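Read through the structure below, which is laid out as structure tokens, and then see the notes.
Given the structure is predicted, the values throughout are model-derived calculations rather than measurements.
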Amino acid sequence: MDDSTPTTTPAATGLPSNDQILESLKVVKDPEIPVNVVDLGLIYGVDIDANGAVDITMTLTSVGCPVQDLIRADAEMAVGRLDGVTDVNVEFVWTPPWGPDKMTEDGKRQMRMFGFNV
């Protein structure tokens with residue numbers, strides 16, 4: 001076996017999977033846009049280490065978003081509730097910039113329900 005191949009999976013170690021982390025993040029919404037951060041396409045990456053520390057790389061719809069701290073706190077709280085998670089770190093990045101093309105089809109549908117043209 002290749003030494004770089006992991007021998008355990010998150011489920012086998014009692015840690016949440018990436019899908020479980022993303023699902024937990026669906027409760028986090030940008031207060032200015034009535035769609036969760038996952039369906040908005042704001043989550044760029046999720047990484048969990050063997051000790052249960054979760055690193056989330058995400059962006060916001062605009063640089064200088066006034067609710068950045070609120071979204072960070074909500075994301076940390078949502079993921080921190082998952083079994084096996086010991087720490088959550090949210091890092092905001094601006095490259096690549098967010099655009100409506102990053103939204104999921106469900107996110108676009110939700111935006112259209114609220115009158116946005118996407």
Side-chain angles (χ1 to χ4, degrees):
M1 176 189 307
D2 179 0
D3 288 332
S4 65
T5 304
T7 56
T8 59
T9 62
T13 61
L15 299 174
S17 67
N18 278 9
D19 287 343
Q20 289 170 314
I21 292 169
L22 290 174
E23 191 62 33
S24 73
L25 286 168
K26 287 187 176 183
V27 301
V28 180
K29 295 186 178 181
D30 182 326
E32 299 173 329
I33 303 172
V35 179
N36 69 70
V37 296
V38 175
D39 287 328
L40 274 174
L42 300 178
I43 306 299
Y44 285 178
V46 171
D47 185 48
I48 185 165
D49 74 13
N51 296 318
V54 177
D55 290 317
I56 301 167
T57 304
M58 66 181 294
T59 195
L60 295 170
T61 56
S62 64
V63 176
C65 178
V67 293
Q68 178 175 334
D69 290 339
L70 175 65
I71 291 173
R72 178 193 314 271
D74 287 352
E76 289 172 349
M77 191 178 334
V79 174
R81 291 181 178 142
L82 294 172
D83 288 341
V85 173
T86 58
D87 187 39
V88 182
N89 177 54
V90 175
E91 179 184 357
F92 290 104
V93 296
W94 309 109
T95 304
W98 179 85
D101 60 306
K102 298 202 181 308
M103 295 172 56
T104 66
E105 286 305 313
D106 193 41
K108 291 176 184 176
R109 182 186 56 74
Q110 292 174 58
M111 291 289 284
R112 287 190 294 271
M113 287 175 36
F114 287 103
F116 293 93
N117 186 18
V118 289

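Val28 and Ala78 make their closest contact through CG2-CB, 4.1 Å (heavy atoms, listed as atom of the first residue, atom of the second, distance). Minimum interatomic distance between Trp94 and Ser62 (heavy atoms only, all atoms of both residues): CZ3-O, 3.8 Å. Pro96 and Tyr44 make their closest contact through O-OH, 2.7 Å (heavy atoms, listed as atom of the first residue, atom of the second, distance). Residues Pro97 and Lys102 come closest through the heavy atom pair O-CE, 3.3 Å. Of all heavy-atom pairs between Val90 and Ala75, the closest is CG2-CB, 4.0 Å. Taking each heavy atom of Leu42 and Trp98 in turn, the nearest pair found is CD2-CD1, 3.4 Å.
Checking each of Leu82, Val85, Ile43, Leu15 against Ile21 for a side-chain contact (heavy atoms from CB on, under 4.5 Å) leaves exactly one that passes, namely Leu82.
Judged purely by atom type and a 3.5 angstrom limit, Glu76 has no side-chain atom pairing as donor or acceptor with the backbone of Ala73. Judged by distance alone, the side chain of Asn36 and the main-chain N or O of Val38 form a donor-acceptor pair under 3.5 Å. No side-chain donor-acceptor contact under 3.5 Å links Thr57 to the backbone of Glu91.
Two residues are said to be in side-chain contact when any heavy atoms from C-beta on lie closer than 4.5 Å; Glu32 and Pro66 meet this criterion.
Atom OG of Ser24 sits about 12.0 Å away from atom CE of Met77, to the nearest 0.5 Å. Rounding to the nearest 0.5 angstrom, the gap separating the CG atom in Leu25 from the CE atom in Met58 is 7.5 Å. Put simply, OG1 on Thr86 and CG on Asn51 are 6.5 Å apart, with the number rounded to the nearest 0.5 Å. Note that the CD1 atom of Ile71 and the CG atom of Leu60 stand 5.0 Å from one another [nearest 0.5 Å].
Connection of Phe114 to Ile33 is established within a shared hydrophobic cluster, with ILVMFWY side chains joined at heavy-atom distances below 4.5 Å, either directly or through further cluster members.
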Query raised in the report: Should Val118 and Arg112 be marked as a side chain to side chain contact (heavy atoms under 4.5 Å, CB included) after you check the CA-CA gap, both sets of side-chain angles, and the distance that decides it?
Result: CA-CA 7 Å; Val118 289; Arg112 287 190 294 271; 4.1 Å; yes
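Counting non-hydrogen atoms of neighbouring residues, nucleotides and ligands closer than 6.0 angstrom, the CG atom of Asp83 reaches no more than 12 such neighbours.
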